[in-house]
Structures are given as C-alpha cells and as structure tokens.
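What you are looking at is a predicted structure, and each value in this text was computed from that prediction instead of being measured.
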Amino acid sequence: MKKVLVMGGNHFFGIKLVQVLLDHGHDVTILNRGNLDDGFGERVKRIKCDRHNYEQLNQAIDENFDIVFDQSCFDYDQAQIACEIFNGRVSKYIFTSSISAYNELGANIKEELFDPYTFKFSKKETMTSNYGEAKRQAEVSFFKHGKFPVTAVRFPIVLDAKDATERLQFHVNRIKNKEEIFFPNIEARMSFISADDAAKALYALALNDYEGPINVASSDPISLKDFVELIEKKTGEKIIKADNGDSHNQSPYGIPDDWYVDCSKLESLGIKTQSIKDYLPKMIEEIVNE
C-alpha cells in the first residue's frame with residue numbers, strides 16, 4: 001500500500017483516478033478547495049486548501065507521500081510552489097499536462113517536439129491568457145525546480161459521457177436535434193482518450209520508473225468524419241454541416257489540420273489504451289438515452 005495524494009481528485013477523471021487507487025488498496029488523500037463532493041465518504045482523507053496559496057499549501061502538507069498526482073496545476077508559478085513544498089516529501093510526482101503543450105498541430109507528434117528541459121520564455125502565461133503556453137511553462141518549472149522524479153503526462157481531449165465541458169454532448173445533441181455543426185476540416189484526424197483510460201494510465205505510470213514528458217492517448221487517432229459517423233449511427237440522424245462557423249455551431253473539436261500524437265514511448269512501457277471505436281459508441285449511446 002502506498003500513501004498517495006491527488007490534487008484535484010474531486011472532478012472528472014480525477015475521480016476515476018481516485019477510484020482506481022482505492023481499488024488497488026492505496027491510502028488516498030484528496031487535496032482541493034472542497035467546493036465539490038467527491039463521493040468517496042470515509043474511504044479517503046481530505047485536505048481543504050487553495051493550492052495556489054503558498055502559505056495555505058505549506059501548512060496543509062505535513063507528511064510525506066509515495067506518489068503525488070497533480071491534476072490541477074496550470075502554470076509556472078503553481079508548479080514552482082508545488083516543487084518548493086514537496087521537495088523532500090514525495091518519491092514520485094505525476095503531473096497532468098496536455099498535448100496543447102505542442103504549439104502547433106501535426107501528425108504523429110513525438111515528445112521531442114517540445115523539450116521542457118531547454119525551453120526558454122520571456123513572459124509568464126496563465127491558464128486563461130494562453131493555456132498551451134502555460135502548460136509548457138508548468139512543465140519547465142517542474143523539471144527545473146523538482147528534486148523528485150517527475151512524469152509530465154500529455155493528454156489529448158479526454159472523453160466521457162459525463163464530461164463537464166459538454167464538448168462531446170455538444171456534438172451528440174446537435175446531430176440528434178438536427179442542428180448545424182461547423183467543422184473547418186472534417187477529414188482532420190485527432191487524438192482522444194477516455195476518462196477511464198486516462199485514470200488507468202496515470203496509475204500505471206506512477207508505478208513505472210519513467211521520468212520526463214510522455215504522450216498518453218487512445219491507440220489510434222480518428223478522423224472527425226468517422227467521429228461524426230459513430231454519432232449518426234447511434235442517433236439515427238445525419239449531420240447538418242454549416243458552411244460558416246459562429247458561436248453557436250462551431251465544433252469544439254474543429255481544427256484545420258491533423259492533430260494527433262505518437263504513443264510509441266507509452267507502448268514501450270507496456271501500457272496499453274483502448275481504441276476510440278471500442279468506447280466512444282457506448283458514451284454516445286449514454287448521452288442519447290439521457
């Protein structure tokens with residue numbers, strides 16, 4: 001049994017990660033502001049604080065952990081605060097980064113396209129000012145200031161029928177309700193991952209000696225055309241394509257070109273993920289039936 005801290009474990013696939021940890025018998029503590037009910041009752045310990053506030057976080061962390069999963073770090077300063085507080089207090093740190101850390105679209109994007117060990121920047125960004133750049137800077141901060149092994153997990157868009165962003169629901173409901181959707185390039189291929197696989201991969205990486213950035217996505221990308229066809233089959237309706245995009249019909253997944261990652265490093269570690277076509281139809285069906 002390991003002592004594990006999950007920062008941001010009461011939301012989306014953070015909840016699924018906590019469940020995986022509990023299923024494997026680990027001693028789990030969740031740290032967040034306490035605004036959402038995590039649903040785990042007495043099965044977990046809780047620390048309620050604002051992780052952005054150095055003094056609060058420093059006072060809250062009064063023990064050592066085998067693993068810290070950081071689901072809620074979005075910029076350089078947040079990462080630096082975490083490093084200062086957890087240096088000497090953790091054996092392994094798993095940071096949830098993003099493929100938005102790659103500052104350009106592309107096919108078969110490898111980890112080497114963005115090197116946080118050598119990346120230089122002149123202006124700090126935040127989640128709201130520039131999400132991708134802020135994630136890049138957070139990685140830089142962890143690898144610069146962390147005196148513990150760090151794995152930066154670069155996830156693509158995470159899919160789930162209960163996705164709080166409602167991006168998947170947007171597509172299903174608009175096709176179901178015969179409402180237009182605009183795609184800049186419906187032939188573009190994208191990486192995705194299910195929330196369940198995201199949680200399982202985080203756990204597997206925590207038990208692995210791998211350090212550094214790593215791409216974690218479903219085994220194959222999917223074209224937006226094929227993505228739409230899966231929805232059409234489950235809804236019994238055909239997409240109505242808009243000729244121009246606006247604030248109502250623009251697809252949240254609308255990209256002008258391919259955007260998917262190479263996961264050969266993940267596969268070399270023996271960590272496998274599902275094909276999107278194995279899990280997406282079930283998610284679509286759940287949304288349709290709500």
Pair Asp226 + Arg189, salt bridge at N-O below 4.0 Å: no
Do any side-chain atoms of residues 282-290 form donor-acceptor pairs under 3.5 angstrom with protein atoms, and if so which ones, sequence neighbours left out?
| residue | atom | partner | partner atom | Å |
| --- | --- | --- | --- | --- |
| Glu285 | OE1 | Lys234 | NZ | 3.3 |
| Asn289 | ND2 | Glu285 | O | 3.2 |
| Glu290 | OE2 | Lys162 | NZ | 3.1 |

Tell me which donor-acceptor pairs under 3.5 Å the side chains of residues 237-248 have, and how far apart each pair is, sequence neighbours excluded?
| residue | atom | partner | partner atom | Å |
| --- | --- | --- | --- | --- |
| Asp246 | OD1 | His248 | N | 2.8 |
| Asp246 | OD1 | Asn249 | N | 2.8 |

Which residues share a side chain to side chain contact (heavy atoms under 4.5 Å, CB included) with Asn185, sequence neighbours left out: Glu187, Ala188
One pair to check against ring pair (Phe, Tyr, Trp, His ring centres under 6.0 Å): His52 and Phe74. What are the steps and the verdict? CA-CA 10 Å; His52 308 98; Phe74 296 100; 8.1 Å; no
Check the side chains of Lys92 and Thr151 for a donor-acceptor pair under 3.5 angstrom, ignoring hydrogens and angles. yes
Regarding Thr165 and Asp163, is there a side-chain donor-to-acceptor distance under 3.5 Å anywhere? yes
Can you find a side-chain donor-acceptor pair between Asp278 and Ser275 that sits under 3.5 Å? no
Hey, are Glu229 and Lys277 close enough for a salt bridge, meaning a charged N less than 4.0 Å from a carboxylate O? no
So which atom in Ile181 and which in Ser251 form the shortest heavy-atom distance, rounded to 0.1 Å? CG2-CB, 3.9 Å
Flag side-chain contact, heavy atom, 4.5 Å: Val18 against Leu22: yes
Could you check whether Phe148 and Phe86 have their ring centres less than 6.0 Å apart? no
Do the side chains of Asp66 and Lys3 get close enough for a salt bridge, i.e. N-O under 4.0 angstrom? no
In chain order, what residues pass the salt bridge (Lys or Arg N to Asp or Glu O under 4.0 Å) check against Asp27, with sequence neighbours excluded? Lys45
If only side-chain N and O atoms count, and only distance matters, is there a donor-acceptor pair under 3.5 Å linking Glu84 with His145? no
Check whether any side-chain heavy atom of Ile85 sits under 4.5 Å from a side-chain heavy atom of Asn87, and report yes or no. no
Beyond-backbone contact of Phe142 with Gln80, side-chain heavy atoms, under 4.5 angstrom: no
Ignoring hydrogens and geometry beyond distance, is a side-chain donor-acceptor pair present between Arg154 and Ser98 at under 3.5 Å? no
Pairs where residues 251-290 contributes a residue and the test ring pair (Phe, Tyr, Trp, His ring centres under 6.0 Å) is met, not counting sequence neighbours: His171-Tyr253, Phe192-Tyr253, Phe227-Tyr253
Can you tell me which residue among Phe95, Tyr117, Tyr93 is in a ring pair (Phe, Tyr, Trp, His ring centres under 6.0 Å) with Phe143? Tyr117
Between Phe114 and Tyr102 (judged by ring centroids, cut-off 6.0 Å), do the two rings come close enough to count as a pair? no
Any side-chain heavy-atom pair from Cys83 and Ile81 closer than 4.5 angstrom? no
Say whether, by atom type as modelled, one donor and one acceptor occur between the side chain of Ser97 and the main chain of Val153 under 3.5 angstrom. no
Flag the pair Asp160 and Lys16 as a salt bridge only when some basic side-chain nitrogen lies within less than 4.0 angstrom of an acidic carboxylate oxygen. yes
With a 6.0 Å cut-off on the ring centroids, do Phe13 and Phe155 count as close? yes
Do Leu105 and Pro256 come close enough that some side-chain heavy atom pair is under 4.5 Å? yes
Kindly write out the residues that satisfy side chain to side chain contact (heavy atoms under 4.5 Å, CB included) with Asp62, not counting sequence neighbours, or none if the list is empty. none
Using the rule given for salt bridge (charged side-chain N to carboxylate O under 4.0 Å, His left out), can you reason through Asp197 versus Lys272, listing the C-alpha separation, both sets of side-chain angles and the distance that settles it, and then say yes or no? CA-CA 9 Å; Asp197 270 0; Lys272 297 181 179 180; over 6 Å; no
Do Tyr76 and Lys144 come close enough that some side-chain heavy atom pair is under 4.5 Å? yes
Do Thr96 and Leu202 have side-chain heavy atoms sitting under 4.5 Å apart? yes
Does the Asp258 side chain pair with the main chain of Gly106, one donor and one acceptor, at a distance under 3.5 Å? no
With side chains defined as the heavy atoms from C-beta onward, is the minimum distance between Leu205 and Ile271 less than 4.5 Å? yes
Under a 4.0 Å N-O cut-off, is there an ion pair linking Arg136 with Glu139? no
